[in-house]
Amino acid sequence: MLGSSLTRRSFFKIAAATAGATLVASEAASTLLESSNPAYADAADDVKVIHSTCRGCGKMECGNLVTVRNGRVVHIEGDHRAVASRGNLCVKGRAAVQALYHPDRIRYPLIRTTPKGQDPKWRRVSHDEAIKYMADGLNSVIEKYGQHAIKTLHGTGRITTYATEAYPTYLLQTANTGSPAGVICKGPRLSAAAMICFPGAHWCNLIDGQKVNFQWGTNQEVSNYDNSCRVTVDEHVKAETTICVGPRMQNLGKEADIWLDLRPGTDDAIALGLLHQCVFNSNCHPDMMFVKKWTNAPFLYCEDIEPSGWTWAGWGDPEGKQEMGSYPLNVRTRILKESDLVEGGDVRKMAYWDTKSNSLQFFDTKKCLWQGQTEYQYPDRDKDCVEYKGGILAKDPGFPVDIDPALEGSFEVELKDGRKVKAEPVWEMFKRHLKPWDENHTSEITGVAPEKIVAAAEAYCEEPGKGGIVFNLPLEHAGNSIQTSMLPLMLSALMNNIDSPGGQRGCENMFFTMDTFFQYHIPWANNTLDPIEQAKVVGGDRFPLTPWFQMVGGAALYHDPISAAEAILYDDPYPIRGMLSNSGQHFNSGNAWQNWQAFESLDFYGGWELWHSPTIELADVVLPAAHFLEVSVLRYTQGGEGAIGAQVQCVERQGEASWDSADICGELSKEMGYEYWPTQNKPLPVWPDKWMKPWPTEKDMLDMSVLPMNPDLPFPISVPAPDGTQLHAKDWDDYVAQYQEHSQWNLKEISPFGYYYRFQWGHFRPRDPQDQNAPFVPGFNTPTGKFELLSTLLESYHGKNTKWQEAPGSYNGIPGYREPVESPFSAPELYKEYPIILTSGRRNPLYFHNEGRQQPWLRELTPCPSFQIHPDTAAELGIEQGDWCWIESKRGKIRECADLFYGIRPGTIECDHQWWYPELSAPKHGWDLSNVNVLVNMDHESQDPICGTCNCRAYLVKVYKATPENSPFGNPCPCDDDGTEIIHTATDPRLKEWLPTYEYEVV
Amino acid sequence: MEVQYPLVFFTLFLCLSSGMLLFQGVCALRGAGTKRFHTAMLAAELVVLAVGGFSSFLHLHHWERIFNGFGHLTSGITQELIGIVVTVVVLAVLFGVLRKAEDGERVLPKWCGILAVVVGVVMGFVCAHSYFMPARPAWANLTLYLYYYASELVLGAAGTWLLAAALHEDEAVGALLAKLTCAMGVVSALAILVAGFYWTTISFGDVGYSFHTTDPTAALPDPSAALAAPAVGSLAGLFWGGAVVVGSLVAVVAGFFGMKKAEQALPLSAAALVCSLVGGVCFRVVLYAVGVSFYVYF
Amino acid sequence: MTQYTIVTDLNRCVSCLNCMVACKEANDVPIGNFWIKILRVGPNPKFEGAEYPDVEMYYLPVSCQHCKNPSCVEVCPTGASHKTENGTIQVDKDKCIGCQFCVMACPYGVRYLNEEQGVVEKCTRCYQKTQEGELPACVVSCGGRARWFGDMDKGWDDFRGSLDANGEPLRLTDEDYIKPFTDADVHSLPDSGNHPSDRFILRNRVWR
Ligand SMILES: Nc1nc2c(c(=O)[nH]1)N[C@H]1C(S)=C(S)[C@@H](COP(=O)(O)OP(=O)(O)OC[C@H]3O[C@@H](n4cnc5c(=O)[nH]c(N)nc54)[C@H](O)[C@@H]3O)O[C@H]1N2
Ligand SMILES: Nc1nc2c(c(=O)[nH]1)N[C@H]1C(S)=C(S)[C@@H](COP(=O)(O)OP(=O)(O)OC[C@H]3O[C@@H](n4cnc5c(=O)[nH]c(N)nc54)[C@H](O)[C@@H]3O)O[C@H]1N2
Ligand code: SF4
Ligand code: SF4
Ligand code: SF4
Ligand code: SF4
Ligand code: SF4
Ligand SMILES: [Mo]
């Protein structure tokens, strides 16, 4: 044991030192890595350029070229061949060397020696001791309080850290797993899309180009989410028309043809306004064939019946353990079903009116067949298809049977009990719901000029197929995340942009694409939790769909952080006493202080980190996480661009840093006394036994991640690319060697991602797991098999008279508008005292959330946080450019400095998020000085009623100048507890202390 | 712009030195001053020049390389260096002439007076000229020359007077120098006022609102305010109090009284010199403050 | 004659700040100093009397403008600052005495004293790279593909930017990337007699 070793200082040198930090010029000057073994270049005078993938952020998969000399990374540049990123390498990716070799990186396992809430005074321990400490800590909590008493804290993190958010579910069997950040980021979008079409539908593939580039509540040129900056700008320039939706003029938004400058938190309203135009404006031409054939618009709805339905589980067995993507839900809808009309009728057959035969007919939602249809219809490869940008683009062949479902009218039907009732197509209701949202009404609520609303709609809806709508984070941040995320998808769908070129293509880990490769490094990461247990997730009582959301996609594996904090603090509904964290911060969600207090009170908290960031300073034990340049992992694009590649370990790991996930899956579970790692419960039967390792090493895991590419596969993978191509790799090393030659593969060329409109081909619905030869079923994986304009799940769980809160503003399951809980309209009294609307989170290109504040190249470029304010508003408040100001809500206050920005609506401010100050002392490191989530609600009212997203944008504050009189230490500039100022200029000498060190201290 | 103190003192002492040379020349032309006085003047000019030169060396980071280059004639520094070398040569020549001179009527011949005046005038120009930069609108105009001349004159007159008083030169010489000090004080005050007023008339290109990501706490650039600061803003103290009152009017008053009260010449001239030095520093500091770039955004 | 020039398409610049960091890396620029900076110009009212949301803005990357009549060279006593045969202005660090007159003389504040070395430095137009026929770091790494490098004396055809998928630099004349522009859209920084050589393309907006 190494023991308390503060006295035993020594130094460790990274590789053979070369003169200075001179950088190797560029790819041209060096040779490409040729060996099939991509191991780091560590021989003396060795210079290698390694094709890898950047992980400077948790978003894009930018291909990069890493130059390594003498075992040291000396230069990183973008890989111009990478299809998804086109040579893009942002500041974070370039400055990654300054993280890798940062003097303050955590390089050894640490255990705290002081009570929580104080400077932890870390003591270095051995890796084994730390693992044991962690295992014992978790076990003792589980013994005392049960499996659900452990929760995870995971943020956006990295692909390499995803095992940690999933591992506790698979192994510890806690329902309180996943990434709480997911509830405010991407989770709602994935969940909402999963409810009405398919998870991840919000992602567009910009690399295919768009006629209308529609950037809605996103700043992709800065956030690289999930199209790289370079691709975003390229395609923006090429597009015929560009539309931008947001309350302030954005970096690329400055070029937009039409700017919908809405009041924060009214995206749902503007969406309804645009949908209104799409449907009622005669210059708009929605794709009525798509509407009739692929949405549930023609299904007849009847107000006068009791909702009825069935238990829907996607696929898998509703009684037993669940497959991924499956958690049984009770569908209860007033859409007319055969069972409503005839005794013994099928509850899954839904009624529509066929105008050709003038008769009531049924669509079988289970088999996805129209009345009279016996065989599935697929586009004809010769007649209907053309090649498009490496993929296959089919035109819709029309109805497979001779029908024309009515969208309009009202029909009298006789129920099985003899009652005669009126029923109308969902489309009629949809129109009725949209009717009030004309440009004037929409303008009143959103503040956008009516003519701009009309112009945007006319540009986008002139004809179908102009491209998808890129919408991102802000739509999730104003207390109506699920409904708001559904609405742009509906607009896009009406214009037939679902899975079209440049349209909502979704993420690659969709059903069949996934067969090309395994989920990151956690092969067979199937949820093995019993639905009964799954349902116990905290917050599940209020947000009943949460357990299902936890199934539908990577980051959608979340729980409600507010409910979790309450479980920790008040044992409500049961105690949570332990936590496992990696790559997440307590202040990422809208209950920063509540989380801090909660985490401080945990019995046991263990985590992995790279930095002494604030949250980890509450931990009992922390293990050093490897930097991404020290880790190999399979990488495929999260968003719709469609690329797959590899992150390749470039250099040796420093100190005792380890790859979090490999450690957790293996060592921790072994130490906790489990007999086998997670795969044991349900290895897919088709995989040869010899490939199943009970305790896979890191290398085993990498090999497993590419098993579906194995040429010796004992069965064919489900769907190759349209031309039959697929990737073959013997093992991980082989895969990496190919990657060195090829760079990123375009998924369209090697996988079923090569088909556009996959709903036509049956690639959007899972196959019957029992029957490998079952046909592909065209349609969507929703209860009705359709793109649901009326969400039957919304209706079932948050409709009228359900046990749970009705979705505000909704109409029988059709999503609606909710005024932000704190707004001039909803809280006029509060508005008097807090007269400014705050929105937050605009990305700064330098920082990934809380990260990068200690990297000199980044911090010097924006040394301190700022908020944007209209100069007129500033003048009214006596605020000038550069002034430190207090921003105060009814719950807390912070300081940021003023940026007078004429491009933000008067009366609104936009704040930087996630600031803390590594230069200030432990444990807080000043996280409470400027972090915007200090201001937010942790009351339940402002949460999204369906999934629990807390309000991060669109609430009320007051703003006033910080002065010596109203500031601690008489200093308007934020200071540490002892009065030390934060770094706020590029010339602060403390920045130089953070330059890379190649000889780090071993303490 | 940030104040470069070594340069402030460099030009201050350069002005003092060449101003004294100039007034020494005036005395020589009028046949005034004893040999002792002229010798002391030359010595003082040399010492002051050396102090100035030394302070300019403090500004350089590689003064050892100074002798390498120095061939670039368009450069004000080169011109200054040449000027200094010429001055030193002239001082040496004058010293040579002086050594041979008899202490009597006219210790220095007329041509020496002319030489000294010419060098003094040229040095004033050179001193101003090296700061004449189109990039700094407040500097790139006649007021810059006006001021450096004024500074040279008031410093030179006061310095010369002080030496004359200290060496108990003729009352007539003292009275002449007191008168000149008084007059030069007026010139200095006027030059400063003209400059201060002129600055407020300079207009700048304006990009409207702007923001530097590297400096979020910086105020919006306001060059017009910076240029009005001496007259009516935050620099009014330095400008009015320092440069005008202390730096110029004290010399006027001291010179005025000095004309009559020969017995007070020493304290009066000392006050005039010290105050005009202080005023010279004040104004030079102001010069840096108003030396904002013509494109203020970087 | 050769006049190496950088042209920035301001309609493509999105302030990703890549150029700033790429430059620091390529040229080992000290912390706290920059050879290229991005200024946000605006948002400003589109026209006199216009109000939010009738506003416009652009980002302005400014590095040394490699002037035709460089004021910095004019004032340099040692000849350390000099014009080279390719039209760029360079500082010979072995000659520089650190007098900083060039710093004062440059209208764009692109020079500063390197405290450690006691000499003045600024954008070299990536001399070490361009000499070898490579593109400057801020050009290849430009996130928005806004920056282009070439010889102005040869005309727009000569300008190259970030790489395409085959590793070939794109051309400024490629209309897939660079929307058409007229002479009236081409601007340079305000001139105080130094005649800046760099150019900025800004369409449909007031150049300020
Ligand atoms: N450099 C950097 N890149 C990042 C991140 C980072 O921290 N730093 N974070 C990553 C993560 S995890 C995410 S989720 C993404 C997020 O990235 P994006 O989804 O692109 O979202 P933001 O940049 O948060 O916000 C986009 C724009 O929305 C505007 N906005 C504010 N309020 C509203 C509103 O109410 N409605 C509308 N329509 N617009 C509004 C803001 O002004 C901002 O310009 O970025 C990712 N990329
Ligand atoms: N007000 C407001 N709040 C917001 C947002 C907003 O726009 N406005 N955005 C929200 C969004 S979209 C998100 S995604 C969340 C993000 O919130 P978080 O995901 O919590 O993001 P970070 O704060 O960056 O925390 C990530 C941590 O992981 C560590 N880390 C990085 N790489 C590794 C690794 O390989 N292994 C391990 N173990 N750790 C690693 C980093 O050091 C860092 O401390 O914030 C949300 N919060
Ligand atoms: S966007 Fe993300 S992946 Fe791409 S270069 Fe930047 S940090 Fe790396
Ligand atoms: S921009 Fe400044 S430093 Fe560059 S050449 Fe012109 S004057 Fe000299
Ligand atoms: S600092 Fe160096 S480059 Fe600048 S003017 Fe002086 S000697 Fe020339
Ligand atoms: S040309 Fe080179 S030195 Fe100049 S700003 Fe660009 S990267 Fe920096
Ligand atoms: S890299 Fe290009 S797009 Fe990014 S800030 Fe610099 S010039 Fe603008
Ligand atoms: Mo996020």
Side-chain angles (χ1 to χ4, degrees), chain B residues 1-2 4 6-7 10 56-82 129-137 139-140 204-216 218 220-221 287-288 291-298, chain C residues 15 17 20 32 34 37-45 55-60 62-63 71-82 92-110 113-115 117-120 189-194 196 206-208:
Chain B
M1 199 175 30
E2 247 177 76
Q4 314 272 337
L7 295 180
F10 170 60
S56 89
F57 267 60
L58 288 182
H59 176 68
L60 302 183
H61 291 256
H62 287 288
W63 58 267
E64 77 282 0
R65 298 177 185 160
I66 203 163
F67 303 105
N68 295 342
F70 269 107
H72 200 234
L73 282 175
T74 58
S75 144
I77 295 200
T78 306
Q79 294 162 0
E80 272 173 330
L81 187 75
I82 294 170
H129 189 62
S130 52
Y131 294 90
F132 184 94
M133 296 176 182
R136 319 252 153 211
W139 297 0
F204 280 79
D206 178 9
V207 304
Y209 290 104
S210 66
F211 181 75
H212 263 301
T213 166
T214 54
D215 206 357
L220 271 181
L287 265 178
Y288 278 97
V292 286
S293 170
F294 131 100
Y295 194 62
V296 279
Y297 298 96
F298 288 89
Chain C
S15 190
L17 308 184
M20 289 185 75
F34 308 94
K37 278 194 186 186
I38 308 289
L39 177 74
R40 190 186 77 214
V41 178
N44 285 308
V55 299
E56 58 183 25
M57 124 179 126
Y58 58 90
Y59 301 100
L60 186 69
V62 168
S63 52
S71 337
C72 53
V73 171
E74 197 177 306
V75 301
C76 177
T78 60
S81 282
H82 62 284
D92 183 341
K93 287 193 173 180
D94 294 332
K95 281 193 186 163
C96 175
I97 55 174
C99 69
Q100 297 164 70
F101 269 65
C102 53
V103 176
M104 295 187 242
C106 171
Y108 314 120
V110 299
L113 181 81
N114 178 322
E115 298 281 350
Q117 301 174 5
V119 294
V120 158
L189 291 188
D191 187 354
S192 63
N194 47 299
V206 181
W207 167 261
R208 287 164 207 268

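Chain naming here is simple, since letters A, B, ... match the order of the sequence lines and numbering starts at 1 in each.
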ask   = Of all of C/G193, C/A80, C/C96, which one pairs up most often with chain B through heavy atoms under 4.5 Å apart?
value = C/C96

request  = Look at C/G118, C/G109, C/P43, C/S71 and state which one has the largest set of heavy-atom pairs under 4.5 Å with chain B.
outcome  = C/G118

query = So which part of C/L189 gets closer than 4.5 Å to some heavy atom of chain B, the side chain, the backbone, both or neither?
reply = side chain

key: Side-chain donor/acceptor of B/H59 to backbone N/O of C/C99, under 3.5 Å   = yes

Between B/M1, B/E80, B/H212, B/Q4, the one whose heavy-atom pairs under 4.5 Å with chain C are most numerous = B/H212

query = Could you give the distance from CG (B/L60) to CD1 (B/I77), rounded to the nearest 0.5 Å?
reply = 6.5 Å

ask   = Taking all non-hydrogen atoms of both residues, which atom of C/A105 and which atom of C/V75 are closest, and how far apart?
value = CB-CG2, 3.6 Å

task = Working to the nearest 0.5 Å, report the span between CZ of C/R208 and CE of C/M57.
result = 12.5 Å

ask   = What part of C/M20 is in contact with chain B, defined as an atom under 4.5 angstrom from a non-hydrogen atom: side chain, backbone, both or neither?
value = side chain

ask   = Under 3.5 Å, side chain of B/S293 to main-chain N/O of C/P107, donor-acceptor pair present?
value = yes

query = Under the 3.5 angstrom rule, does the side chain of C/R40 hit a backbone N or O of B/T213 as a donor-acceptor pair?
reply = no

note = Cut-off 4.5 Å, heavy atoms of chain B, and the answer for C/C106 is backbone

message = Quick check on the interface: out of C/V119, C/V41, C/V62, who has the most heavy-atom pairs with chain B under 4.5 Å?
response = C/V62

key: Between C/F101 and B/Y131, ring centroids under 6.0 Å   = yes

message = With a 4.5 angstrom heavy-atom cut-off, is it the side chain or the backbone of C/N114 that approaches chain B, or both, or neither?
response = neither

Under 4.5 Å from a heavy atom of chain C, the part of B/L73 involved = neither

ask   = Would a distance-only check, ignoring hydrogens and angles, find a side-chain to backbone donor-acceptor pair under 3.5 Å from B/H72 to C/C76?
value = yes

inquiry  = Heavy-atom cut-off 4.5 Å, strictly under: side chain, backbone, both or neither for C/Y59 against chain B?
reply    = neither

Under 4.5 Å from any heavy atom of chain C - which part of B/S56 = neither

side-chain contact (heavy atoms from CB on, under 4.5 Å) partners of C/C72, counting only residues at least two apart = C/P70, C/I89, C/C102, C/R111

query = What option among C/V110, C/I38, C/N44 has the most heavy-atom pairs under 4.5 Å with chain B?
reply = C/N44

Between B/Y297, B/W63, B/F298, the one whose heavy-atom pairs under 4.5 Å with chain C are most numerous = B/F298

